[in-house]
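Residue numbers start from 1 in every chain, and the chains themselves are labelled A, B, ... in the order their sequence lines are given, proteins ahead of strands.
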Amino acid sequence: MTVIAPEQAGPAGPSQPDKVRKPRRRVDLRQYGILAALAVIILLFQVLTGGRLLYPGNVSNLIQQNAYVLILAIGMVIVIIAGHIDLSVGSVVAVVGAIAGLAMQSWGLPWWAAVGIALIVGAVIGAWQGFWVAFVGIPAFIVTLAGMLVFRGLALVLLTGGTISGLPAEFNAIGSGTLPTAGTPDLITFAIAAVAVIALVFQLVRTRATLKRLDLPRERAASAWTKVGIASAAILYVAYLLAYNRGTPIILLILAALILIYSFVLGRTVFGRHVYAMGGNLFAAQMSGVKTKWVNFFIFVNMGLLAGLAGVVSTARAGSAVASAGQSFELDAIAAVFIGGAAVQGGVGTVVGAVIGGLVMGVLNQGLSILSVDAAWQQVIKGLVLLFAVAFDVYSKRRSGR
Amino acid sequence: MENAILTMRGIVKDFNGVKALNGVDITVRRGEVHAICGENGAGKSTLMKVLSGVYPHGSFDGVITFEGEQVAYRSINDSERDGIVIIHQELALSPYLSIAENIFLGNEVARGGVIDWNKTNAEAAKLLARVGLAENPTTKILELGVGKQQLVEIAKALSKRVKLLILDEPTAALNDDDSAHLIDLLKHLREQGITSIIISHKLKEIRAIADTVTVIRDGSTIEEFDVDDSDEIETRIIRAMVGRSLDNQFPPRDPQIGEEKFRVEHWNAYHPVDVGRKVVDDVSFSVRAGEIVGFAGLMGAGRTELAMSIFGRTYGTDISGKVFKDGVEIQTRTVDEAIRNGIAYATEDRKRYGLNLIGSITVNVSAAALGKLAKLGVIDRHREYTVAEDYRKKMNIKTSSVGALTGRLSGGNQQKVVLSKWIYSGPDVLILDEPTRGIDVGAKYEIYGIINELAAQGKAVIVISSELPELIGLSDRIYTIAEGRLTGEVAREDATQEELMRHMTAARAEGAIK
């Protein structure tokens, strides 16, 4: 991943002399801002709800109910870094859910085949939209606005306004089930958490050893270990809450895998680098040999695939397919991405940021529901949080002299 | 000092502890043309931002006196109200609005919010006459070349009753004709009593027009002296700018020219929008290994178009012709294919086509050759960092770390990043389009050294430049191009500015007869 180092001088500043001091790898403060905001919001609701926000049952719900935002936000952040937008994902969720429901109920297919079909349909829809954006050159805003109407309409056609319910229990488990448990508190959950913490520590030790061997700049040991320490504590705390409820939600594992995979893709692969390069300066990317059309195409195929997965997850969570599913999901995902520090002009953003942004939205949803705030007011509050989050971001960038 | 329109005393401006300006003093007399010189990063632009209120009063130390009164500008609006107008290097006109609309943008000739178009256009026509621009005020900006746009900017400044006109690198993007016109215009404005400050790298221009020059180095005033049109003045300015004298503007080189490396035959390209117009017309040329070949031509002659149409067909339509490397025909239909075949093209417009300005030096250096750093599509970031660090040292890119954003670098350092990127892509043929545009004397010298080094490694180097002395000083051979056609080929020994100019204008003269 690009480590964005805040430079001190303005564009016209003096050329800085070579410093003898070895450069430290610097960290992106913006992301900590978002993380701090998440912590503040959690604390706020914890106080407001008299501690009910972090009841074991509520935490499990929070994860399962907001999984769709996180999945969509991961796809959306890539779309937005590349300088596009996707307004159609909510409708894609609905049409994919409808097809999955039909596959199991009308066509008599097993649940795993239905999931496979759903993901393929999602990717095909993505390819359709990617074709218009990448090869015909129609702005993604238009293509996906059209897609929003088309796929919502198709969902209505497929379900003829009705609902498909009574889906297989295995299918529903994807959205609302948990892994098998071993006792109360659940030892499997603790085992998973322990593995995660060990992996974190191992990864840090290994990275630092490599950096040292290659004589590359490293983050200060104290700060790196503090971060791992905080992350480990958070993992263990969540594990503790889950272990005392129903164990590890299946969707949590899917989410963890997605976060790891897509962080890697964006941060470490050529494809990810091309996405950032195109968002940063499309012309320069073209002139450097980036096959921008194909990159755009695959960005939308990927978004379609993830929208398909979100369709599976939200249908499974609801236990039924309805044509009105996924209403305004695209807006939740886009909001999550921008709260997570992505730039409207493209070129900037991270998967982790988008996930944290999604969690901010999720905690707001959950906290406001526990407080039984009217749905209308919930929308007002979420809208204002988005506005202030981005305003803060713009303000802090301006202060840093840019 | 009596008769000073502007004095700035002891200006100190720091950015988080780094002093961009460290005690600048400047005195501008009423009615003169005052030049400010200094290498990129010396603090010239920062100084102008301090003066115009972009950096508000209080964010810097020192005293500014304008028209005998101490001033404290908090924004550009404040300084413009006093008659101080800055024209930036990047012009700030709205392309889809007319000349008149742009001139009066933000200052509309209106009554009760309703614009009086007749009066607007009539006033604009008067201003255009003053700056010597023969265009209809209703012409849209996008139909004008850069030179004419500059004149519109000046007309706009005049409409604001300018007392002190500041031009930041006004001729950096202009050809010789437009530059000459601009210089004449400044003289004319001086006669009308308008004081100007001109920031420029072009010493010939400063000689021709400035009355006084202030040289800034590392954020401090080094010298301030009167200017006359002499070689001694030029030498004195250079010495003050770089802290040493530059007897040789070009580093020494012993050309080792080998076999033919690169050849283009019967190359044609048409304009992408105006498809009937032939922009590159049957051009054939060749470059040998270790040879530096210059391309000279006036603005719009088709030099960049030729280069870009060869490099991955990034310009033009209906392109035809053959490209050979080491005697074997190669294809360059996409940028990727061109790079794989060992061709690199460093653009003339580094901000638009060359760099990801919100990306670090590291990601920019590796951008054209990620394949070399990746296995199965996964980038080896440690090696990438090492490569970037290596180029930072080799190319002397002045920054504290390769994690710095390229958007924050000075022009010379940005150009070094662009060159690093293309050198790292491992080309055999390098096309360098205006490699020293808008960068200072010291950085230019370094870049000439890099170009020589590339040739010494046996690469074929093509340099496109608008500065004839640069081409003559650098190239082994120079092709001239006019209206899309090659009009001459001049060996280094025979190359003079007059000779080149004769070829560069050849086709135009024929056209005029017709």
**Message:** As a quick check of understanding, evaluate side-chain contact (heavy atoms from CB on, under 4.5 Å) for T314(B) and Q286(A), giving each step before the final call.
**Reply:** CA-CA 9 Å; T314(B) 42; Q286(A) 278 167 348; over 6 Å; no
**Request:** Kindly give the heavy-atom pair with the smallest separation between Y353(B) and M287(A), and that separation in Å.
**Result:** O-CB, 3.7 Å
**Asked** Is there side-chain contact between R213(A) and H382(B), with heavy atoms separated by less than 4.5 Å?
**Response** no
**Request:** Considering non-hydrogen atoms only, spot the tightest contact between A284(A) and N356(B) and give its length.
**Result:** CB-N, 4.4 Å
**Request:** Mind checking the CZ-CG spacing from R352(B) to L282(A)? Nearest 0.5 Å is all I need.
**Result:** 10.0 Å
**Item:** Under 4.5 Å from any heavy atom of chain A - which part of M48(B)
**Value:** neither
**Fill in**
So, the part of S366(B) with a heavy atom under 4.5 Å from chain A: the answer is side chain
**Message:** So for T334(B), is it side chain, backbone, both, or neither that comes closer than 4.5 Å to the heavy atoms of chain A?
**Reply:** neither
**Heavy-atom proximity to chain A below 4.5 Å, by part of L355(B)** = backbone
**Region of E337(B) that comes under 4.5 Å of a non-hydrogen atom in chain A** = neither
**Prompt:** How close do I358(B) and G347(A) get, heavy atom to heavy atom, and via which atoms?
**Reply:** CD1-CA, 3.8 Å
**Request:** Check each atom of K351(B) against the heavy atoms of chain A and say whether the ones under 4.5 Å are side chain, backbone, both or neither.
**Result:** backbone
**Which of D380(B), V335(B), T362(B) touches chain A most, by non-hydrogen pairs under 4.5 Å** = V335(B)
